There are 2 protein chains.
Amino acid sequence: MKHPSARPESSAWANSALGETGLERLAFTLDRHLSVSDQLHSVLRRAIVEVRLLPGTPISENSICRQFSVSRTPVRTAIQRLAEEGLVDVFPQLGSFVAPISLAGLQDSHFIRRSLEVALLREVAPKWTPEMSRAMREAVAEQERVIAGNDPDGFFHADEAFHHLLGTFAGREGVWQAIMAAKVTLTRFHRYWAKPERLPDVIREHLAVVDALDRGDVAGAEQALTTHLDMVFVIFGQMPEDQRRNLSL
Amino acid sequence: MKHPSARPESSAWANSALGETGLERLAFTLDRHLSVSDQLHSVLRRAIVEVRLLPGTPISENSICRQFSVSRTPVRTAIQRLAEEGLVDVFPQLGSFVAPISLAGLQDSHFIRRSLEVALLREVAPKWTPEMSRAMREAVAEQERVIAGNDPDGFFHADEAFHHLLGTFAGREGVWQAIMAAKVTLTRFHRYWAKPERLPDVIREHLAVVDALDRGDVAGAEQALTTHLDMVFVIFGQMPEDQRRNLSL
DNA sequence: CATTTGCGACTTGTATACAAGCATACTAGG
DNA sequence: CCTAGTATGCTTGTATACAAGTCGCAAATG
């Protein structure tokens, strides 16, 4: 057995064959005045979440050392943090690999995210104010602007900002951070298989939530938010077989 | 300024004055065949969660090195993991300290835990079976047995087992693990200020949930679970002022 | 006497060397 | 040709040395 985890033999290995580890694109000059491990953690995390590093890609400590001209210690620190977040699987004496996007993980991630966001919504609804409505509609407007610019990175950011407002309005920033941590797997999936043609629907679904809140229709808002979030499974169902193989299911 | 965090000048410092760091009781011979960092992480985590190490206690890497006769590397690894879990605050060039139990953290921890457990309950209720009922009542019976034996450690374990069943019945083990991670702050609080006289009430509240589920009364079960979990704030309100000072509020 | 300045003992961050295990490729033998 | 054993290069885990920053106390200075 190669190693305990199911590792896709797909393009991840091809990538690692031609380049160093598929990280050669991560050109990033780091500031030696700040913590090296923090910067490495940030760079690697973004690369994994944005699926520029496919699931199963080997993460060689030494390769990263050579690439950034630092010692193994801060690299190890960064990888250990990623492992703690569930983004990297470490197999002693074998290697470290970008964690797979499992169906089970996706379901757990979705369940937690949906439960917590609905709970936030229920807290916010009774205190709903016109200012909140304006702020959320502004966030949606920002999304529309970004769609026009064809900027996927910007859209994900704007989408996150919209949902973040729920946490802000509820006065529970800590809960939002927990949501962010839990929905990482979900985010990776969306980044991996996002369809631009769905973006207008996202806009509509977001507006449906705000409309219901404006009407004071708590149940309707909850329903709208739930169906919006559950769309990920519709998207998943539309994913062709060969695309699924790059995930571990 | 000593360091950026609010550190209580309470018994934590007294402890660190007389002993090494208050860790001298952590007599624990570790197995050199297993990962040293894993074992240290486990030992320290238990000590913090069970509040044998009070909030604010300094965690000196070198002290732990001397105590267990290992190098700083695995000690650092363990502490970094604890920092990632929010159990330790690390201040570069200053020191590492057992994280305070803040009121905000307590509220977030409670909110997440309650939201997720209620969500699990809603999933389980429609598929409720007599076998599930029996399993939960057995868990409660175990708690009653442990109460008689005056074993606080055992009670917390049995209590956790009861709630764990919800995750098991829902078939969402990953969600339960997230709950476990989120409710750490809550657990620390309960361990710090648990009153034996409340234990019979816990039994009753648990049974109320099971009774409602047996009746097919989903709303009632949800209500029972919510009030049970919300009891932590009643307990908090009963805590005398001088006891609160050991927490950072 | 009050203030400041420098020394020393701590802290965490980083660099490097060594130990131990696993997978693969190669070689010798059947 | 096939198989078994070995050698080599990889991986992570651990140990140790050094760098850089912070705090506190003590001594020197105004």
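All chains are named by letter (A, B, ...) in the order of the sequence lines, taking the proteins before the strands, and each is independently numbered beginning at 1. What you see is a predicted model; the values in this text were computed from it and never measured.
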Between [N] and [X], is there an OP1 or OP2 to side-chain N/O distance shorter than 4.0 Å?
X	N	result
Thr77(A)	dG13(C)	no
Arg76(A)	dG13(D)	yes
Ser60(B)	dC10(C)	no
Ser37(A)	dT14(C)	yes
Ser96(A)	dT11(D)	no
Asn62(B)	dC10(C)	no
Arg72(A)	dT14(C)	no
Ser71(A)	dA15(C)	yes

Separation of [N] [atom2] from [X] [atom1] (nearest whole Å):
X	N	atom1	atom2	answer
Leu34(B)	dT14(D)	CG	P	10 Å
Asp89(A)	dT12(D)	CG	P	13 Å
His33(A)	dT14(C)	NE2	P	14 Å

Next on the checklist: The side chain of Thr73(A) is closest to which nucleotide in this list: dT12(C), dT16(C), dT14(D)?
Outcome noted: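 Of all the options, the side chain of Thr73(A) is nearest to dT16(C).
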Checklist entry - Does a distance-only test, which skips hydrogens and angles, find a donor-acceptor pair under 3.5 Å between the side chain of Gln93(A) and the base of dT11(D)? => result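 Under the 3.5 Å cut-off, the side chain and the base do not form any donor-acceptor pair.
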Next on the checklist: With each end axis built from five pairs of C1' atoms, what bend angle do you get for the helix from dC1(C)-dG30(D) to dG30(C)-dC1(D)? Round to 10°.
Outcome noted: 20°
Checklist entry - Under the side-chain hydrogen bond (donor to acceptor under 3.5 Å, both in side chains) criterion, do His41(B) and Glu85(B) qualify, and how do the steps go? => result CA-CA 11 Å; His41(B) 169 76; Glu85(B) 299 175 79; 3.1 Å; yes
Next on the checklist: Check this for me, if you would: do Arg66(B) and Glu61(B) make a salt bridge, where the nitrogen-to-carboxylate-oxygen distance has to be below 4.0 angstrom?
Outcome noted: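 No, this pair does not count.
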